[in-house]
Every structure is written in C-alpha cells, then in structure tokens.
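Some notes on the structure that comes next.
From a predicted model like this one, the values you see are computed outputs, not experimental measurements.
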Amino acid sequence: MGRWLRALWRLGALLWHVLHGLWLVGWRFPRWSAEQQQAQVQAWSIALLACAGIRLQVQGQPALQGPALLVANHISWLDIPVLHAARYCRFISKSDVQNWPLIGTLATAGGTLYIERSSRRDALRMVHDMQAALVQGQVLAVFPEGTTGDGRQMLPFHANLLQAAIGADAPVQPVGLRFVDAQGATSFAPSYIGDETLLGSIWRTLCADALVAQVHFGAPERAQGRERRAFSDALHARVDALRQSL
C-alpha cells in the first residue's frame with residue numbers, strides 16, 4: 001500500500017509538472033531568447049526526473065558547445081528527459097510524436113525535429129536539415145536503433161542520419177544510457193518495448209524505489225574518411241561499451 005501511495009503522489013506531481021510545462025511554453029517561451037529556452041528545457045527535465053523519484057548520475061563530459069551530434073542507446077520514454085537533463089540538445093523523433101497530446105507540444109517546444117521514417121524522401125530532407133543545424137553550431141541527438149530495446153542487448157544502428165554529421169564534418173559523441181535500482185542492478189521498470197503500454201511503463205517507473213538514470217558521455221569523434229556504415233558500426237561499439245561500463 002505504501003508503494004502505491006508513493007506512486008500516486010509521484011503521479012500527481014508529474015501531471016502538475018507537465019501542466020506547468022505547457023503553461024511555460026504558452027506564456028513564457030515567446031518572451032525568452034533561445035538560450036533562455038534551452039536552459040528552461042534542461043531545468044524542467046531535471047525537475048521531471050525528481051517528480052518521478054529518479055536521480056541523475058552523469059559520467060564523462062558532454063559537448064560544451066556545438067556543433068555536435070549525440071548518439072545513444074534507446075531504452076525508455078524517459079531517455080529524452082534524461083538526456084535533456086544532462087545536456088540540452090535537439091532530438092530527432094518520429095513524426096507521430098508531434099501529434100501526441102501534451103507530449104507533442106512539449107517536444108516541439110524543446111526543439112525536436114520530426115521525420116517520417118517510412119519515407120525515404122523525408123529521410124533525405126532530415127539529413128539536409130540536420131546538416132544545416134550542425135553547420136549553425138547546434139547540438140542534436142538521435143537514437144540510431146530507431147526504437148526502444150530491452151536494455152539487455154542493443155539493436156543494430158541505422159546509419160542514414162549520420163550522413164548529416166559526415167557532411168558537416170561535425171563531431172559525434174557516443175552516449176550510454178542505463179537505469180539501475182537501489183542495489184546498482186539494471187532496472188527494467190522504465191522499459192517500453194513490444195506490447196508494453198506507455199501508461200504501464202510510467203506506472204512501473206513511479207512504483208520503483210530509488211531509481212538512478214545513468215548517462216555516460218564518451219569522447220567525441222569524427223568520421224575521418226569512413227563511410228557512414230563503418231562509422232555507424234564503430235559508434236555502436238562505443239555506445240555499447242559505455243552503457244556496459246556504467
């Protein structure tokens with residue numbers, strides 16, 4: 001009963017925090033500079049983790065400034081706020097997210113770029129847009145697995161979007177993500193795969209005790225003449241090593 005009461009308390013805090021985020025987006029964001037907006041997105045994400053009872057633990061040094069492309073393994077719906085809390089970045093996300101109630105509004109305000117994954121033409125457009133953003137000195141982030149995994153073994157990387165970093169000659173920073181419990185063992189409470197529902201994943205997360213979101217930033221690297229598939233395979237190995245070292 002105690003765990004359920006705590007989860008309900010966290011759920012109420014989380015809902016209030018989401019509503020506060022929507023108010024900020026509607027009333028405050030238009031008056032803020034881009035730098036102020038980015039700082040607020042990071043602060044809001046840190047507070048969201050606190051509402052859910054999750055502690056953030058960061059190893060390594062995130063890119064201090066752009067251009068940079070972050071590539072990370074994908075475990076949960078929490079991965080985006082976790083990375084935002086560690087270092088503001090603009091995510092590349094499937095176009096469906098833009099139309100999700102509440103979440104779509106917040107994602108758009110956070111600077112998300114949307115792609116229609118089933119369209120090759122839209123993938124080419126996204127590579128062009130990402131390359132332009134990198135040339136402008138922005139920090140972007142992608143989950144090259146394309147979908148969430150089970151946290152045990154990583155899925156293969158899709159290499160297409162890495163062409164943007166190659167074209168802009170921008171550094172790519174591998175990032176390993178992991179969720180652990182109070183004993184330091186991998187926690188699968190935040191997982192969101194297969195037939196699992198988002199609501200079920202959120203409820204398991206809120207019921208969990210002393211969750212820690214671990215983020216391990218590796219050393220940035222450039223393609224240095226490698227074609228994107230070879231570069232993608234090397235980054236996959238780096239991310240896998242980083243998440244397993246947590």
> Are Leu70 and Ile80 co-members of a hydrophobic cluster defined by side-chain heavy atoms under 4.5 Å apart?
Replying inline: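 As far as the 4.5 Å side-chain criterion goes, Leu70 and Ile80 are connected within one cluster.
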
Taking C-beta and beyond as the side chain, do [X] and [Y] meet within less than 4.5 Å on heavy atoms?
X      : Y      : value
Tyr114 : Asp129 : no
Trp203 : Leu8   : yes
His158 : Asn160 : no
Asn73  : Asp240 : no

Tell me the closest heavy-atom pair linking [X] and [Y], and the distance in Å.
X      : Y      : answer
Val58  : Ala86  : CG2-CB, 4.0 Å
Ala63  : Gln173 : N-OE1, 3.0 Å
His216 : Ser245 : ND1-OG, 2.9 Å

> Using the ring of each side chain (for Trp, its six-membered ring), is Phe29 parallel, tilted or perpendicular to Trp32, with breaks at 30° and 60°?
Replying inline: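 Judged by the thresholds at 30° and 60°, the geometry between Phe29 and Trp32 is tilted.
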
>> Classify the ring geometry of Phe91 against Phe143: parallel below 30°, tilted from 30° to 60°, perpendicular beyond 60°.
In response: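 Ring orientation, 0 to 90° scale: parallel.
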
>> I'd like to know whether CH2 of Trp9 has more than 12 heavy-atom contacts from other residues, nucleotides or ligands below 6.0 angstrom.
In response: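 Counting neighbours around CH2 of Trp9, 12 or fewer heavy atoms of other residues, nucleotides or ligands fall under 6.0 Å, so no.
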
>> Checking the side chain of His236 only, and the main-chain atoms of Leu155 only, is there a donor and an acceptor separated by less than 3.5 Å?
In response: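 Yes; at least one donor-acceptor contact below 3.5 Å.
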
